[in-house]
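One structure is given here, and the rest of the page talks about it.
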Amino acid sequence: MTQSVVVQVGQCGNQVGCRFWDLALREHAHVNKTGVYDDALSSFFRNVDSRKSDGGACGFGGRIQHLKARAVLVDMEEGVVNEILQGPLSEVFDSTQLLTDVSGSGNNWAVGHMSYGSVYREQIVDKLRKAAEHCDCLQCFFLIHSMGGGTGSGLGTRVLSLLEEEFPEVCRIVTSVYPSPEDDVITSPYNSVLAMKELSEHADCVIPVENQSLVDIVNKIKHMSDGGKPGLTIRKDSSIISGQGGLRGAEKPFDAMNNIVANLLLNITSSARFEGSLNMDLNEIAMNLVPFPRLHYLVPSLTPLYTLADVSVPTRRLDQMFSDAFSKDHQLLRANPKHSLYLACALMVRGNVQVSDLRRNIERLRPSLPFVSWNQEGWKTGLCSVPPVGHSHSLLALANNTCVKSTFLDLKERFTKLYRKKAHLHHYLHVEGMEQSCFSEAITSLSSLIEEYHHLDATKGKLIPDAPRLSIAR
């Protein structure tokens with residue numbers, strides 16, 4: 001069995017990460033009735049015996065003593081991490097896994113990346129190494145961060161480059177939360193574009209999630225829970241939209257949105273945490289879905305997005321669930337993949353679903369999904385036998401689709417509006433190590449990425465003939 005380490009950076013990264021650990025523990029408690037530390041738990045948790053002076057780990061097959069998350073928590077403000085340590089998940093982390101400061105990055109990518117990145121470099125590397133040393137077979141780093149602020153975007157991408165430097169052979173999967181156009185951080189276009197260059201260069205896969213998509217989904221679910229349709233009420237304890245996510249106090253406005261991203265991570269990691277008839281190795285995501293190194297942005301869609309309260313209402317038919325996964329209403333990114341080109345697609349199914357169900361639905365949906373001509377069979381499938389708590393089955397689709405181009409174009413336009421006037425630039429250029437060339441290189445990198453997607457889009461509907469063969473002289 002392999003292990004993975006979750007690295008959560010900044011306020012958003014830590015809130016989403018905290019909710020992920022809360023839900024993961026809930027899932028394992030639902031499955032593991034014996035109280036024995038097994039392979040499934042070891043994938044993301046250590047079993048520590050606090051009675052040992054060195055806090056040593058307990059082996060497989062023994063009783064669960066104290067579970068510790070395989071995680072590193074980084075934030076340049078103390079608020080969220082302190083809240084976690086005072087909440088119900090406090091015992092899942094210890095001080096060796098945490099790195100905080102008090103002043104924050106002031107919504108400035110350069111402060112996070114250059115200043116804090118330099119000051120805390122050795123400490124970050126030390127914590128990453130310690131987390132890696134606790135693993136018998138380290139397979140993947142999951143990085144969770146947001147793009148709009150300073151710590152998540154700046155220090156988050158600095159941590160990403162350190163992961164590549166220190167652990168070049170270990171897969172790096174990044175979940176990035178993108179700001180909405182109405183974001184209240186004025187400098188978020190700068191932070192996002194500067195971070196994009198780092199993501200394109202140093203990540204194996206990026207799963208982009210848009211704030212606005214999360215808002216739309218939460219509003220839709222709340223409308224249904226308030227009686228939008230007769231007989232279709234939502235459970236108040238639905239794991240998708242409720243619960244305090246391991247934090248203290250009343251539910252906050254972002255909690256419901258963070259829960260959706262946490263459920264996305266729960267589904268991606270399910271095959272690493274539980275057994276299944278067709279388990280998907282985490283390394284296989286990048287291997288099968290990324291035909292070109294920079295085009296590694298995978299559009300996620302999740303279904304079902306809620307738990308129905310009325311048990312007499314039948315769960316969505318399995319076939320409907322597959323159709324939903326390719327509808328823009330279930331995507332965590334605002335774009336229409338059916339109007340763009342698929343390079344590849346992964347379907348990660350949980351619950352009592354047969355391989356024949358998978359094949360039947362792929363054949364049914366294939367005619368309506370435009371795949372690139374040289375990869376018509378570009379499907380990767382995974383079946384995990386353990387469904388999410390409260391569901392009979394679920395489906396996560398990860399699509400390498402050129403529709404991400406629209407998100408990047410919007411970002412470029414918002415960046416250009418600020419940059420044309422050189423607005424707020426001085427805040428960045430005052431930071432040691434930051435030069436104006438960083439901005440021009442970042443926007444060039446983004447433009448080049450958009451152009452690569454554009455060239456692929458231009459091939460849509462065209463059959464590319466096989467390359468002519470050399471004739472052999474007789």
Side-chain angles (χ1 to χ4, degrees), residues 2-9 13 16-17 20 43-44 138-147 152-153 156-157 159-165 167-178 192 195-210 261-273 279-302 325 331-333 335 337 341-348 372 375 378-382 396-405 407-408 445-446 449 452-453 456:
T2 58
Q3 294 85 39
S4 296
V5 173
V6 176
V7 186
Q8 38 202 73
V9 185
V16 170
F20 164 75
S43 57
F44 280 82
L138 176 58
Q139 183 181 45
C140 185
F141 283 106
F142 285 93
L143 176 67
I144 314 169
H145 73 134
S146 68
M147 301 286 279
S153 69
T157 51
V159 170
L160 177 64
S161 66
L162 289 174
L163 287 172
E164 184 181 41
E165 199 177 298
F167 308 94
E169 304 303 317
V170 181
C171 182
R172 297 172 298 282
I173 298 178
V174 185
T175 302
S176 303
V177 180
Y178 282 68
S192 300
M196 279 285 297
K197 177 177 180 287
E198 303 296 314
L199 291 179
S200 294
E201 290 179 2
H202 302 297
D204 289 311
C205 290
V206 178
I207 300 166
V209 174
E210 272 185 327
V261 186
N263 273 275
L264 160 70
L265 289 165
L266 215 58
N267 281 280
I268 291 174
T269 60
S270 62
S271 63
R273 294 183 295 118
N279 262 5
M280 189 188 298
D281 196 280
L282 290 170
N283 290 330
E284 291 181 286
I285 296 175
M287 181 66 70
N288 288 273
L289 297 188
V290 182
F292 307 110
R294 279 165 53 86
L295 306 188
H296 54 232
Y297 295 85
L298 309 178
V299 180
S301 55
L302 199 56
Q331 272 184 193
L332 307 190
L333 195 79
L341 201 59
Y342 284 87
L343 307 186
C345 185
L347 297 177
M348 306 172 85
V372 72
N375 198 23
W379 296 88
K380 180 66 186 169
T381 53
L396 168 68
L398 294 176
N400 193 339
N401 188 292
T402 59
C403 70
V404 293
K405 182 178 71 172
T407 297
F408 300 158
S445 171
L446 181 59
L449 187 68
E452 287 182 63
Y453 282 115
L456 283 166

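Throughout, residue positions are numbered sequentially from 1 according to the sequence presented.
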Under the rule for side chain to side chain contact (heavy atoms under 4.5 Å, CB included), what residues qualify as partners of [X], not counting sequence neighbours?
X	value
Pro293	none
Ser176	His145, Met147, Val174, Tyr178, Leu199, Val206
Glu284	Met280, Asp281, Asn288, Lys380

From Cys205, Ser271, Cys171, Cys140, residue fulfilling side-chain contact (heavy atoms from CB on, under 4.5 Å) relative to Ile285: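 Per the side-chain contact (heavy atoms from CB on, under 4.5 Å) rule, the option paired with Ile285 is Cys205, out of Cys205, Ser271, Cys171, Cys140.
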Name of the residue among Leu302, Leu398, Thr381 meeting side-chain contact (heavy atoms from CB on, under 4.5 Å) with Met348: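 The side-chain contact (heavy atoms from CB on, under 4.5 Å) with Met348 is passed solely by Leu398 among Leu302, Leu398, Thr381.
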Side chains of Thr157 and Glu198, donor plus acceptor under 3.5 Å: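 The criterion, which ignores hydrogens and geometry beyond distance, is not satisfied for Glu198 and Thr157.
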Can you tell if the side chain of [X] reaches within under 4.5 Å of the side chain of [Y], non-hydrogen atoms only?
X	Y	answer
Leu295	Leu449	yes
Val299	Cys403	yes
Ser4	Thr269	no

Arg273 side chain vs Phe44 backbone, donor-acceptor pair below 3.5 Å: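 No.
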Aromatic ring pairing Phe141/Phe167, orientation class (parallel under 30°, perpendicular over 60°, tilted between):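 Tilted, since the angle between the ring planes falls between 30° and 60°.
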Nearest-0.5 Å distance that lies between atom CZ in Phe20 and atom CD in Gln8: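 If I round to the nearest 0.5 Å, the distance is 9.5 Å.
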Pairing residues for Phe142 by the ring pair (Phe, Tyr, Trp, His ring centres under 6.0 Å) criterion, not counting sequence neighbours: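 Result, ring pair (Phe, Tyr, Trp, His ring centres under 6.0 Å) vs Phe142: none returned.
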Under the ring pair (Phe, Tyr, Trp, His ring centres under 6.0 Å) test, residues paired with Tyr453 that sit two or more places apart: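 Partners of Tyr453 by the ring pair (Phe, Tyr, Trp, His ring centres under 6.0 Å) criterion come out as none, since no residue qualifies.
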Any residue meeting side chain to side chain donor-acceptor pair (under 3.5 Å) with Glu169, in chain and number order, not counting sequence neighbours: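 Side chain to side chain donor-acceptor pair (under 3.5 Å) list for Glu169, sorted by chain: empty.
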